[in-house]
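Here is the structure we will look at.
In what follows, chains are A, B, ... by sequence order, proteins preceding strands, each numbered from 1.
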There are 2 protein chains.
Amino acid sequence: MSGPAQRRITIKEVAEAAGVGVATVSRVLSGGSASPETREKVFAAAARLDYRPSALGRNLRRQRTGGVGLLVPDITDSFYARLADGVLSCARSYGEPVTIGVTGDDPEREAELIGALIEQSMDRLIAVPSGDGDMWAPALRAGLNVVFADRRVRTDVPSVVPDDRAGVLTAVEYLAGLGHRRIAFLARHGQSQRVTAFLSAAASLGLPVDRDMVVHARASRDSAYAAAAGLLQHHSDVTAVLAGGNVLGEAAVLAARELDVRIPRDVSLIMFDDVPWAELCSPPLTVIAQPAQDIGYRAAELVLRQGRRPPAVTLPTRLVVRASCGPRVAPRRSS
Amino acid sequence: MSGPAQRRITIKEVAEAAGVGVATVSRVLSGGSASPETREKVFAAAARLDYRPSALGRNLRRQRTGGVGLLVPDITDSFYARLADGVLSCARSYGEPVTIGVTGDDPEREAELIGALIEQSMDRLIAVPSGDGDMWAPALRAGLNVVFADRRVRTDVPSVVPDDRAGVLTAVEYLAGLGHRRIAFLARHGQSQRVTAFLSAAASLGLPVDRDMVVHARASRDSAYAAAAGLLQHHSDVTAVLAGGNVLGEAAVLAARELDVRIPRDVSLIMFDDVPWAELCSPPLTVIAQPAQDIGYRAAELVLRQGRRPPAVTLPTRLVVRASCGPRVAPRRSS
DNA sequence: AATCATGGTGGAATCGTTTCCATGAGTGGT
DNA sequence: ACCACTCATGGAAACGATTCCACCATGATT
C-alpha cells in the first residue's frame, strides 16, 4: 500500500544542509543575487534532498494563488472540451495549474463555484458565463481577474469570442444562395448574440423575418431534441435550419430521422461548430467551424499575461461545406 | 474595470467584530463546541462581514490540500471528458475543487504534472496512467493518495476500470456468431489488457490466433488513421475489426470510406466506447459501451472517502448492436 | 588611516488558519 | 465548605515560504 508517507522537506532543512540561512536559499532558488559558491552549495543541497518548495507557503505569503480557474457549462460537450484543452495547453506553458468547474449553464451553480474559487484564493478565472453580467459584480469587486470565453456578457471584462455575426451571416447567405427563404434558427438560451445576428442577416437579405423562426432550447440534450422535433413538426414551411451548436445539430439530425424528414432533400441543415463526427454523419454536415481551442488559448493568454488587456478579441469562423445542404425544393407538406 | 480589489477579511477581524478570540471563531465555524450565544455572535459577525476562510491558511496549517488532481491523456476525447465529468460531479458533492492536467499519454509529461501537483501539496490524485507502473513509485512514496482510472498498471494502487475481458469477449463472440473467423483488433499502445483478452477470446472460440491480427497505434488521430488504413489495405482476409477506442473507431470508418471498403458489407466493425455520434454515423456503429462517467465517479469516491479502499473495482460493459456488423461474406479480394 | 559605498548574508516578521494548552467559571458530590 | 470535574474560552505556537532590514566584511575614495 502507500509508503510511510515521508514528511516533505522544507526550506529550513535545505538551508541547514547547505550551511546557509533560509533567506539565502529562498533568494538563490528564486533567482536573486548570491555569491557563486553559495549558489552552488544551495543548488547542490536542494538537488540532493529533492527539495520542492511548497506552493502553499509561497502563496500564503505572496497573498495570491498561482493557477487559474476555468468554468465551463459542460466538459462533455466537444466545444467546451476543446476550449478547455486550449486553456490547459496555454497554462502548461506558463507552468500554472488549472482548476476546472462545470456550471451546467446554471447561474446558481456558477456563483457557488466562483465562491469556492475565491476561497482557494484563486485570483484568475476564465469563464464561459452562464447568467447575465450582473451576477459578476461581486466577483469583480473581490479582485478576481476574469476573462470571458465564448460569450460576452459584460463590456468591462475582457473576452474572447467567435465572430458570431460573421458566422451567422455566412451561413444564412449560403442558404439563401441555395434558394432557401424560410430559414429557422435553432438556438440555445443565451445565444442572444447569434439570434440578433440571425434576424439582421435575414432582414438584410430580404428574407421574411419572423420571430418564431427562432426556436429556443435549454442546454440539455433532451431539451434540444424537443425543440428540434417541435420545429420540424410544426413548421412544415421551413426548408433550412441553422443549429446554434453541436448538441442542437445532433438533436436536429436525430429528430429529422425520427420524423422521416430527409437531409438535405427535405430540409437543409447547417450546424455551428465543427466536430469530428460531422464528417462521419449521414449525411456529412455542413458546419460553421469555430476555433474552440484558440478561444481557450487566447483567453488563457489574456488572463496569464500581466500586461494591458484588450477589451475583446473576436476570432473568425469558417464555413465548411459538406453534404447537408441542397437547393430549395417545394415546401414540405404539412404533417 | 476591476474594482479597488478590497483586501480579504480574515478570521482576526471576525473575532474582533464578534468580540471573541480567533480560536473561538475557528471552532464555531468548523462545528466545534461553543455556547449558543457565542455561536450566534460569531455567525452574525461572519455573515455581516461576508467572511470566507482562506483555504491557503487552512491547508498550510492542516498540512494537506483539499482538492484532488486529475490526469487524463486527452480531455478532447469523449471518453476522458465523460470520465472527467464523473469525477467533477462527485468532487462537487464533497465540495472539493479539482485540478486537471492532460498528459497526452506521455509518461514524461505525466511525471512533470505529478511534480506540479505535489508542489501544490495535492495529496489526492486520480490518474489515467500513461506509462508503466514503475514511474509511480516516487509519487507513492511522497505520500500521494492515488487511484487509477480506466487502466490498471499496479496492483498496489486502487483502480476502477471497465471490464475489458468481458467486453472483448462479448464483442468477439458476437462477431464469431455472425460467422467471422478472421477478426482484427485495432489497439492503442498500452491496451495490453484488451489485447490479451482478445487473444484468449479468439483462442477459446477456436478462431485462428495470429499475432498480426492485432495492430497498434499511438493515441493521436493520425496514428490511428494510419494503423486503420494499413490494416484494411494489407489484410484483405479480415472480415471484421474490433476498434479499441472511439478515436480508433473513427479512424476505421474514415479509412474504410477512403479505401472504398463498405461497412458492414465488406467488413464488420465494433468499436469500444459508445459516443453520441455512433448512432449518427453511417452506418450506425455497433459498440461496446463503457460507463465512462461512472468510472470517474467511482474513482473520485475512492479517493475522497477516507475509509478502507477496495483494491480494484471493475465496471461492466454493454454490447449495443446497431448496424455496423453483418454476416460474414466471402473474403475481400486482395487489393 | 578613517570613512563611505557595496553587496552578500541571515534573523525575524509576516501571511491566515488550526490546534494545543492553560485559565477560569460553574456545577455536583461528599 | 471543599474538591473534583466539566466546559467554554482565548493566547500562542505551529505550518512553509518570502522579504524587510540590520549586520558584517571587503574594497574604494578622500
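- Axis orientation changes by 60° from one end of the helix from C/dA1-D/dT30 to C/dT30-D/dA1 to the other, with each end axis drawn from 5 pairs and the value rounded to 10°.
- Rounded to an integer number of Å, the gap from CD of B/E37 to P of D/dC7 is 17 Å.
- B/R58 and B/S54 form no side-chain donor-acceptor contact under 3.5 Å, judged by distance and modelled atom types alone.
- Across all their heavy atoms, A/V98 and A/L88 have their closest contact at CG1-CD1, 3.2 Å.
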When you check every protein heavy atom under 4.0 Å of nucleotides 12-24 of chain D, what one-letter string (B, S, -) results, 5' to 3'?
-BBBBBBB-----
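- B/V20 and B/K41 get closest at one heavy-atom pair: CG1-NZ, 4.2 Å.
- Here the OH atom belonging to A/Y80 is positioned 13.0 Å from the CD1 atom belonging to A/I100, to the nearest 0.5 angstrom.
- A distance of 7.0 Å separates CG of A/L83 from CG of A/L70, quoted to the nearest 0.5 Å.
- Here C/dG16 presents its C1' atom at 15 Å from CD of B/E16, a figure rounded to the nearest Å.
- Between A/T38 and C/dT9 there is a side-chain polar atom (N or O) within less than 4.0 angstrom of OP1 or OP2.
- Looking at heavy atoms from C-beta onward, A/R8 lies in side-chain contact with A/R52 at the 4.5 angstrom threshold.
- Within the structure, every side-chain polar atom (N or O) of B/S35 is placed at least 4.0 Å from both OP1 and OP2 of D/dC7.
- Other residues, nucleotides and ligands contribute only 12 or fewer heavy atoms inside 6.0 Å of the CD atom of A/E16.
- Rounding to the nearest 0.5 Å places OG of A/S33 at 8.0 Å from CZ of A/R39.
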